[in-house]
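Read through the structure below, which is laid out as structure tokens, and then see the notes.
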Amino acid sequence: MKALTVDGQGVLAVTELPMPEYGRCQALVKMKSCGVCNGTDTKLIHRTFKNFNTYPAILGHEGVGEVVETGADVKNLKKGDMVLLPFLEKPVEGYTPGWGAYSEYAVVGDAKAYIEKGMGPGTAEWSEGYLAQTLIRPDDRIDAVGAAMVITFREVLSAIRRFGFRPNESVLIFGAGPVGLCFTRFCKLLGMGTVITTDVFDDKVQEAKRLGADYAFNSASCDIDREVRRLFPEGVDNVVDAVGVNALLNQAMGLIRYNGKICGYGISPKLGMELDWSHAPYNWSLNFVQWPSKKEEAQAHAQIMAWINTGVLNPMDFISHTFSFDHILDAFALVERREPGTRKIVITF
């Protein structure tokens, strides 16, 4: 099969690799799509992803595929099922999976079968989440391209729950990329009060307005601190860094109200900073969600699919481009150029 790999110098290539092996409690999956993650994928390419140093690597983690074969003990998956998050699990021919979903084939597990056979991690969190709730049902109003976006949806909604956002609270979101737009849309769907979104590109500012932001500003052409304080003299309840820029955490210090929350979602390539809370209120909290819990993602799945199936959440609002796997190098060149109008990019197989 073919797979997208990256070497230690950041050079991408489409590489021929053996088909993945699968066990008695696993299924072989023919990949249908995989979303490009501007955070994880690009950091792996540039060697700035925390605690990952094994190259060459096989990229991709926002995958969707169709079950084509099942192991002998699989009971809860069948041929033709559409599943989320198939991965490559083992190194092959010197290549280490950076999850490995930009491959023509991958593997997914049947969690219940693992537990019944006393295999796998065997923990309650593992069995209740992740593999146990990865199916896209035949009656779900979504195709394989849109389903790639569900992975980001689940991550963001589970982060919102972890951050403890509440209805009627105000929130300032730094960044209107795919993740920032998800935060924008979900905060409105969840009944939060005023949602303010910022970006440095005008097209992304307009997208934030279209997806429900009460206010959206280009932070490259206006004074965000002044605009936020004009709307909320006492500060906002919550600030989200959806980009992964450490300076935004310090900027947030002067924008939160007493007992406000600063929420770091984007993973910064720089793993340290000097916090300056001289402009912050006396009481505040700083929260990081950099590695979503698979159990919490799975628990978010039902609400995400309900929003999609009732029509209040459209995955295609967040997707700007699709590329066939044959043109995957062109897709990553587009990511690096950061052209206006680029949102989520999805690779199809």
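Given the structure is predicted, the values throughout are model-derived calculations rather than measurements. No hydrogens, no waters, no symmetry mates; every other heavy atom, side chains included, goes into these values.
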Mind running salt bridge (charged side-chain N to carboxylate O under 4.0 Å, His left out) on E207 and R210 for me, showing each step along the way?
CA-CA 5 Å; E207 284 297 317; R210 187 172 67 86; 2.6 Å; yes

Working note: S324 + D326, criterion side chain to side chain donor-acceptor pair (under 3.5 Å); need CA distance, chi angles, decisive distance, verdict.
CA-CA 5 Å; S324 70; D326 291 339; 4.7 Å; no

For the pair I308 and F153, evaluate side chain to side chain contact (heavy atoms under 4.5 Å, CB included) and give the outcome as yes or no after the intermediate values.
CA-CA 11 Å; I308 291 171; F153 288 162; 4.3 Å; yes

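Between D140 and N309 there is a side-chain heavy-atom pair separated by less than 4.5 Å. A heavy-atom distance below 4.5 Å is not found between the side chains of I142 and M82. Proximity of R137 to M305: side-chain heavy atoms (C-beta onward) are nowhere separated by under 4.5 Å. Looking at heavy atoms from C-beta onward, F163 lies out of side-chain contact with N238 at the 4.5 angstrom threshold. Counting heavy atoms from C-beta on, the side chains of L12 and L59 come closer than 4.5 Å. Using a 4.5 Å heavy-atom threshold, the side chains of L88 and M1 count as touching. The side-chain heavy atoms of I58 and V92, taken from C-beta on, include a pair separated by under 4.5 Å. Looking at V108 and L85, their side chains never come closer than 4.5 Å, going by heavy atoms from C-beta outward.
Side chains of D7 and Y55: a donor-acceptor N/O pair is absent below 3.5 angstrom, by distance only. When only modelled atom types and interatomic distance are considered, T15 and T5 share a side-chain donor-acceptor pair under 3.5 Å. For the 3.5 Å distance criterion, the side chains of N250 and D276 fail to qualify, holding no donor opposite an acceptor.
A donor-acceptor pair under 3.5 Å is absent between the side-chain atoms of D73 and the main chain of R24, judged by distance alone. Within the 3.5 Å criterion, the main-chain N or O of V36 finds no donor-acceptor partner in the side chain of D41.
Open room surrounds NZ on K2; 12 or fewer heavy atoms of other groups in view lie less than 6.0 Å from it.
Going from atom SG of C263 over to atom CG of N287 covers 5.0 Å, rounded to the nearest 0.5 Å. For the atom pair CD of Q251 and CG of N246, the computed distance is 13.0 Å after rounding to the nearest 0.5 Å. Within the model, atoms CD1 of I304 and OG1 of T152 stand 10.0 Å from one another, a figure rounded to the nearest 0.5 Å. The CZ atom of F232 sits 7.5 Å away from the OH atom of Y215 when rounded to the nearest 0.5 Å. Separation of atoms CG (L249) and CE (M273) is listed at 5.0 Å; rounding is to 0.5 Å. Taken to the nearest 0.5 Å, the SG atom of C37 stands 7.0 Å off from the CD atom of E155.
Between F323 and H321, the two ring planes are parallel [angle under 30°; tilted spans 30° to 60°]. Ring pair F325/F349 is parallel by interplanar angle, where below 30° counts as parallel and above 60° as perpendicular. The aromatic rings of Y265 and F183 lie perpendicular to each other, with more than 60° between the two planes, well past the 30° mark.
Taking the charged nitrogens against the carboxylate oxygens, R162 and E296 do have a contact shorter than 4.0 Å, which makes a salt bridge. Here D214 pairs with K188 in a salt bridge; the nearest charged N to carboxylate O distance falls below 4.0 Å.
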